[in-house]
Amino acid sequence: MTMFTITEAIDRWGIQDPDRPVYIEKEQTATYGQLKKESDLIAAYLQENSQPQRPVVVYGELEFAMLPCFLGATKAGHAYIPIDAHTPKERIEMILSVADPEIILAVGDWPAIESSAQVVSIKALLQGGSTAFKAAVDLKPVTGDQTYYIIFTSGTTGIPKGVQISHDNLLSFVNWELRDLGITEGMRFLSQAPYSFDLSVMDLYPALVSGGSLTPMTKEVINNFKELFCVLPSLEIEVWVSTPSFMEICLMEPTFDGEHVHSLKTFLFCGEELPHATAAKLLERFPKARIFNTYGPTEATVAVSAVEITHELLKQYSRVPIGYVKEDTTVYILSEDREVPTGEVGEIVIAGPSVSKGYLNNPEKTAQAFFVYQGEPAYRTGDAGRFHDELLIYDGRIDFQVKLHGYRIELEDIDHHLAKVSYVKQAAVVPKYHQHKVQQLVAFVVAAENDFEKEFKLTKAIKEELSQLVMDYMIPQKFIYVEQLPLTANGKIDRKGLMNEVNAT
Ligand code: AMP
């Protein structure tokens with residue numbers, strides 16, 4: 001358990017060991033010394049030019065310059081809001097109208113968006129920095145209950161919700177990951193998730209606090225798949241952090257295994273269900289690595305539970321459990337605000353020190369989801385779950401339940417069984433509606449290699465195998481074969497996009 005603040009814990013590497021690498025790219029490596037120097041300069045600038053109460057936007061992609069901006073903002077007492085450079089203009093405008101920032105630190109080229117905030121180019125600031133303003137005095141970094149970062153997630157109303165994560169929320173998460181998830185000093189982390197997605201916090205802060213480094217895998221690199229797998233072994237990444245969907249894409253490459261990529265020691269997954277077949281394949285490909293399935297919403301700071309994947313676990317559970325709850329946190333399974341008997345399914349409610357104080361400037365949504373339970377801050381996840389031998393089991397979203405001919409069906413339930421069918425690599429099922437009623441279930445399928453000449457024969461074979469696994473009414477009526485399933489900007493399967501596609505006519 002570190003007794004430092006996040007800022008102190010990171011700065012100590014810059015002071016004691018300034019040449020230690022922090023950000024490793026093909027062409028150049030940035031050090032902790034550089035990180036400290038640049039974040040100090042940015043903090044000094046902010047101290048002179050802004051009010052600490054207001055958040056700072058940091059705009060850019062996966063690049064080193066984002067790090068000194070995050071740390072510089074928090075050193076000067078500001079919460080920061082990461083906005084990824086791939087974000088559509090309208091969404092940025094909505095975020096700005098909710099957050100009302102005073103300053104935007106632009107690492108990338110700021111798009112032409114009208115705003116009352118002052119846009120500061122980081123390049124220009126750092127170039128002129130050492131002479132243009134004096135070193136900061138009496139900085140008051142973000143601590144305790146003060147907000148450290150704000151991550152915007154999609155809201156049901158169409159307006160993004162800004163989840164406020166405090167310094168102590170973050171500290172609770174980082175301490176847990178460092179202690180329980182196989183992280184040791186100086187490890188090399190993959191950085192793949194955009195900073196605007198809280199999965200990125202799973203690599204960023206544990207790496208920086210433990211003197212480790214980040215190696216980015218940008219969209220451009222990922223799009224050049226052939227090259228990616230040529231360079232991957234040379235990157236010497238030790239800790240892999242991604243969504244299961246991204247891993248499934250990587251597993252399509254046969255050379256992605258422990259023999260070709262020796263350096264990988266730890267895999268951390270979060271953000272969506274880890275399919276049983278994917279977990280099994282990973283174990284087979286990387287028999288010496290440690291693989292963790294972790295679970296949690298942005299509102300409770302990245303993740304609150306984790307379990308190591310083993311052959312025994314996979315044998316015992318047909319659906320991969322989402323883990324043992326971290327020590328300082330309690331998960332309650334509630335139904336209509338009452339705890340259900342152990343083992344029964346209900347809504348997962350998280351209570352403890354990593355639960356957010358709520359959504360920025362949105363008291364209504366905050367009141368709906370956040371409350372105090374047994375004296376602790378608590379959050380209703382909207383996830384269904386249950387406990388089995390202290391292991392939390394995920395049971396789908398409360399809001400992705402459909403009814404077909406009166407039968408209640410969880411769409412994830414069908415996906416899960418379809419993925420077990422031998423002709424299926426990956427699948428997502430969506431409902432086709434007619435006047436708000438489900439008419440048909442449509443399966444989007446990435447098929448495994450097969451010898452069927454005609455699609456309808458493949459469909460027949462899949463239906464036959466699936467009928468062994470699920471009730472008849474859960475077998476989709478329509479199958480659409482695709483090369484890969486579309487992903488959201490955050491790397492999850494874009495089920496909503498598929499729903500739109502199916503319901504467009
Ligand atoms: P986000 O806030 O984007 O991280 O999304 C949080 C939601 O993702 C959770 O409420 C769950 O519905 C889902 N989720 C996260 N991790 C897992 C997991 N390991 N297994 C199943 N669902 C997950």
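Atoms within a ligand are numbered from 1 in the order they appear, just like the ligands themselves.
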Quiz item: Is the CD atom of E327 crowded by more than 12 outside heavy atoms at less than 6.0 Å?
Solution: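 Counting other residues, nucleotides and ligands, CD of E327 stays at 12 neighbours or fewer.
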Self-check item: Any side-chain donor near an acceptor of the partner, D84 and T87, under 3.5 Å
Solution: no
Exercise. Run the ring-centre check on F444 versus F479 and record whether the distance is less than 6.0 Å.
Key: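 No.
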Please tabulate, for the side chains in residues 288-297, all donor-acceptor contacts under 3.5 angstrom to protein atoms that are two or more places apart in sequence or on a different chain.
{"residue": "R290", "atom": "NE", "partner": "E308", "partner atom": "OE1", "Å": "3.3"}
{"residue": "R290", "atom": "NE", "partner": "E308", "partner atom": "OE2", "Å": "3.1"}
{"residue": "R290", "atom": "NH2", "partner": "E308", "partner atom": "OE1", "Å": "2.7"}
{"residue": "N293", "atom": "ND2", "partner": "P321", "partner atom": "O", "Å": "2.9"}
{"residue": "T294", "atom": "OG1", "partner": "F269", "partner atom": "O", "Å": "2.8"}
{"residue": "Y295", "atom": "OH", "partner": "D383", "partner atom": "OD2", "Å": "2.7"}

Quiz prompt | For ligand 1, the residues whose heavy atoms come within less than 4.0 Å (ordered by chain, then number) | solution = F197, D198, G271, E272, E273, N293, T294, Y295, G296, P297, T298, I322, D383, Y394, R397, K492
Quiz item: Taking only residues two or more places apart in sequence or in another chain, which ones pass salt bridge (Lys or Arg N to Asp or Glu O under 4.0 Å) with D180?
Solution: none
Self-check item: Sequence neighbours excluded, every pair satisfying side-chain hydrogen bond (donor to acceptor under 3.5 Å, both in side chains) that has a member inside residues 346-357
Solution: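 Listed once each, the pairs are T147-K357, K326-S354.
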